[in-house]
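In what follows, a structure is listed as structure tokens, so that the remarks can point back to it.
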Amino acid sequence: MLDKKYDFKEKEVKWLKYWEDNKIYEFNSNNKKIYSIDTPPPTVSGKIHLGHIFSYSQAEMIARYKRLSGYNVFYPFGFDDNGLPSERLVEKIKGKKAHEIGREEFNKLCYEITSEYEEEFKKLFSRLGVSTDWNLVYKTVSLEAIKISQLSFLDLVAKKACYHKESPALWCSECLTTFAQAELETKTVETTFNYITFETKEDKEKFTIATTRCELLPAIVCVFVNPKDEKHKHLIGKRAHIPIIDIDVPIMADDKVAIDKGTGVVMCCTFGDQTDIEWWNKYNLPLKYIFTPDGKINDSVPKYKGLTIKEAREKILEDLSNGGYVVKTESIEHEVQVHERCGKEVEYTIMKQWFIDIMNHKEDFLKMGAKIKWYPKYMKVRYNEWVENVAWDWCISRQRYFGVPFPVWYCNKCGKIIYASKEELPINPLVDKPRISSCPNCGCKEFTGEKDVMDTWATSSVTPLINMRYQEKDNYEDILNPMSLRANAYDIIRTWDFYTIVKSYYHFNNIPWENIMISGFAVVGKNEKISKSKGNSKNDPINIIDTYSADATRYWAASGKLGTDIIFNEEGLLRGKKLINKIWNVSKFIEMHLTDFNDKEFNDFEYLDKWIIGSFIKMEKEFIKNLDNYETGLALNTLEKFFWHFCDNYIEIVKHRLYRPEEFGDIPRYSGQKTVYMLLYKFLQNFSIFLPYICEEIYQELYHDQKSIHITELKELKYDFEEEVVNGDIICEIISKVRGEKSDNNLSLKTVVSLLDITCSDNINKAIKNAIKDFKATLFIDKLKLNNSLKSYTINKIELLKEDNK
RNA sequence: GGGCGAUUAGCUCAGUUGGCUAGAGCACCUGCCUUACAAGCAGGGGGUCGUAGGUUCGAGUCCUACAUCGCCCACCA
């Protein structure tokens with residue numbers, strides 16, 4: 001028997017262990033059709049927050065749905081523990097920078113610390129009821145993943161899609177590494193816009209340049225004006241004298257200069273921004289670095305040497321001001337580009353680095369994107385926009401420690417690149433030696449391993465390859481190429497999704513997955529993203545699960561429309577709790593009436609049983625449709641709404657028959673038993689997608705025809721009760737109106753209706769007569785008068801037997 | 001500056017290809033201890049669907065413009 005109260009604390013722990021012990025979610029290559037899900041390996045770089053729960057739950061529910069639909073679900077889980085996010089975590093914990101700790105020691109710490117966090121993540125996700133096969137778990141720092149990532153690199157090199165080149169790149173003076181365009185973010189900052197007087201060397205003619213970046217004055221290599229600028233075009237060809245710095249640079253013409261922006265005169269440095277790089281390339285301008293890698297003025301400017309960018313900006317402005325060169329200063333707010341990992345303003349540098357070709361294949365990437373089905377559809381626009389706007393090849397070199405090493409060495413004499421062979425992988429070029437003893441080019445016997453490591457996305461972008469155990473060349477490759485589904489939030493469309501498509505294109509000339517579902521974010525208050533930094537204990541996922549149950553937490557997480565942010569509030573959890581309670585109570589009721597029930601073929605259903613069965617079938621069609629569109633929230637809404645209707649209306653009707661067979665007969669009672677038995681099973685199956693724990697508990701008690709409800713099969717009920725659905729709804733409506741009358745008179749629902757007088761159409765008349773016993777019992781009707789009419793129906797009179805009438 | 005999304009009850013949100021008096025939960029009000037459930041049940045009040053036009057027999061839904069909010073991108077001298 002089901003307990004009087006459902007104790008989620010005890011039951012959730014119990015079933016979690018049961019699922020693990022019985023390997024319920026194990027993926028095994030049987031004959032069933034495979035449905036494979038490429039789910040984001042969470043970055044193991046901090047506390048878990050509600051945002052994780054939200055976006056992972058929705059994809060997890062799809063896994064459950066597909067499993068119930070008869071698919072062999074391939075649903076592995078991964079941890080993304082390599083790269084800058086982990087390094088920053090370790091730096092934060094240790095209070096030291098990576099280079100202060102040293103490469104070897106630092107990497108060791110990274111392994112240790114990320115492993116601890118992994119355990120925490122695993123525990124939480126299991127507890128949440130994530131139905132992954134933990135045997136398929138992968139880590140992006142594992143030797144296996146490193147091998148696949150290196151294989152991917154070599155394959156791209158072989159296909160000439162990856163190259164090594166000295167080229168300008170984005171530089172972070174905080175993380176001390178180059179990074180990719182996708183890792184740029186914009187931030188609004190307050191700064192000053194300064195109008196500074198320059199003069200020509202030749203005739204001392206004064207002109208003004210406006211800039212926010214005074215510290216770049218020593219890096220000026222050229223001044224540009226627009227050739228069509230009447231006010232300034234006569235300056236072209238002369239030389240500009242830079243105040244304070246006391247050097248001259250040429251004044252040149254370029255169309256890109258906007259006449260009406262600033263003063264119409266622009267200084268060009270190496271490098272202030274992307275336009276500088278463009279001009280540097282176009283006009284073959286000299287290179288003038290004034291910063292050290294960590295963002296301080298270098299030896300080339302002795303006067304300001306050692307100052308940080310910010311300090312130099314202030315000092316130079318002060319000097320300019322003292323020299324009388326500042327015409328005016330405006331305070332402005334403007335958007336600057338920052339490194340997303342640390343928030344530091346971007347700098348530019350030139351280094352020899354590895355790039356993946358993006359710019360030559362944009363069209364192909366757009367075509368790939370078009371072949372994938374996006375849910376919701378409009379998210380494809382974000383992808384397209386990103387691909388259309390991307391301006392740099394993908395720089396995958398990072399001057400860091402904790403990442404996948406490039407499998408290459410360089411000849412010490414001629415610089416020739418020596419690639420590892422596929423068979424040698426995985427390798428670490430700083431430890432392992434190349435298999436050849438001398439350089440085929442120059443014969444030199446000394447080699448240096450590549451010190452840079454790969455961008456974290458260079459590995460994350462091969463999760464489909466990791467999933468298919470790429471290097472083993474077994475049949476996973478055929479089965480999982482492409483995978484069925486990618487699931488992630490919209491923030492990583494331009495990174496994870498885009499880069500995965502890039503890799504898949506180069507490796508297989510194929511899309512990596514057939515479908516992609518994009519979820520939104522969980523936000524705390526009004527558009528305030530849930531972040532680990534703000535994580536107070538109230539929003540701590542473990543606390544929430546302990547307080548409200550994993551099922552209720554999932555209920556909250558399932559809500560909302562795909563791609564849309566949802567606000568975290570207690571209301572969703574309470575609503576989930578209420579639903580769980582209702583499911584429990586109705587199951588208890590049903591169990592109570594099934595003690596003598598044997599399931600057998602039966603077709604002699606009572607009228608209103610047909611009504612509810614038919615209604616269920618109708619509802620389930622919509623439910624399935626929503627799930628097929630990956631709309632877990634809408635599916636749950638559909639199901640839940642019908643479930644309450646079932647409890648409040650149908651159960652109230654059928655209970656009389658169940659309680660009193662002597663009055664209603666054994667067969668009508670059996671019909672009711674069969675109906676609730678059948679429908680509860682279906683309800684539990686459908687709800688199990690969202691509420692796996694409570695559904696398992698009830699299923700095991702009442703049905704247990706399989707080891708677990710989660711491996712049963714969703715089968716459509718095959719009945720044709722359309723007519724009963726239409727007329728049953730009308731009967732339900734009449735019941736509701738009579739109840740309303742009782743309520744309006746402040747009477748109990750058990751109040752006897754001494755007379756109910758209805759005029760109704762032939763159809764309704766027949767329907768009521770078919771359901772006459774249920775109808776009268778439900779409303780406690782003493783006398784019923786039915787008159788025929790052509791119209792639908794009219795209630796002529798409801799006579800209630802009040803206390804004082806007795 | 002370009003794009004995408006949102007704007008519906010006090011709050012959080014549904015409303016599928018345009019179709020009866022616009023829905024749910026929470027909150028509020030009135031009843032009801034009905035042999036599953038008072039964490040419940042039956043009712044009720046509350047919305048000129050962001051604004052202004054347009055198409056249509058008919059618009060929350062389609063079109064145009066605008067406003068506010070959010071996100072993405074570009075510019076950022």
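Given the structure is predicted, the values throughout are model-derived calculations rather than measurements. Every chain is numbered from 1, with letters handed out A, B, ... down the list of sequences.
Here the separation of B:C76 from B:C63, taken at their C1' atoms, is 36 Å to the nearest Å.
At the phosphate of B:A74, OP1 or OP2 sits under 4.0 Å from a side-chain N or O atom of A:Gln181. Taking side-chain N and O atoms only, A:Thr638 has no distance below 4.0 Å to OP1 or OP2 of B:A14. Considering only side-chain N and O atoms, A:Lys561 lies nowhere under 4.0 angstrom from the phosphate OP1 or OP2 of B:A6. Between A:Ser748 and B:A42, a side-chain N or O to OP1/OP2 separation shorter than 4.0 Å is absent.
For A:Glu640, the side chain to side chain contact (heavy atoms under 4.5 Å, CB included) test picks out A:Tyr555, A:Arg575, A:Leu579, A:Trp644, with sequence neighbours left out. For A:Glu183, the side-chain hydrogen bond (donor to acceptor under 3.5 Å, both in side chains) criterion is met by A:Arg398, not counting sequence neighbours. A:Glu701 pairs by the side-chain hydrogen bond (donor to acceptor under 3.5 Å, both in side chains) definition with nothing, not counting sequence neighbours.
Ring geometry for A:His656 against A:Phe780 counts as perpendicular: the plane angle is over 60°, on a 0 to 90° scale with 30° as the lower cut.
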### Task
Under 3.5 Å for both distances, Watson-Crick or G-U wobble, that's the pair rule; now give the dot-bracket for RNA chain B, with | marking pairs to another strand and [ ] for crossing ones.
(((((((..((((.....[...)))).(((((.......))))).....(((((..]....))))))))))))....

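Between A:Lys187 and A:Glu185 there is no salt bridge, since no side-chain N of the basic residue sits under 4.0 Å from a carboxylate O of the acidic one. Classification of A:Arg739 and A:Asp648 as a salt-bridged pair fails, no side-chain N sitting under 4.0 Å from a carboxylate O.
Residues A:Asn581 and A:Ala258 each lie close to RNA chain B; by heavy-atom proximity, the contact nearer the 5' end of the strand is made by A:Asn581. Between A:Asn649 and A:Gly264, the one whose closest nucleotide on RNA chain B sits nearer the 5' end is A:Asn649.
Here the P atom of nucleotide B:C13 and the CG atom of A:Asp565 are 10 Å apart, to the nearest Å. In this structure, the NZ atom of A:Lys5 is 7 Å from the C1' atom of B:A39, given to the nearest Å.
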Using atom names, set out every protein N or O paired with an N or O of nucleotides 24-27 of chain B below 3.5 Å, distance rounded to 0.1 Å.
from, atom 1, to, atom 2, distance (Å)
B:G25, N2, A:Glu571, OE1, 3.4
B:G25, N2, A:Glu571, OE2, 3.0
B:G25, N3, A:Glu571, OE2, 3.3
B:C26, OP1, A:Lys578, NZ, 2.3

What are the atom names and distances for every N/O pair under 3.5 Å that joins the protein to nucleotides 16-19 of chain B?
from, atom 1, to, atom 2, distance (Å)
B:U16, O2, A:Lys625, NZ, 3.3

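Stacking of A:Arg341 on the aromatic ring of A:Phe179 is not recorded, the 6.0 Å distance cut-off and the 45° axial limit not both being met.
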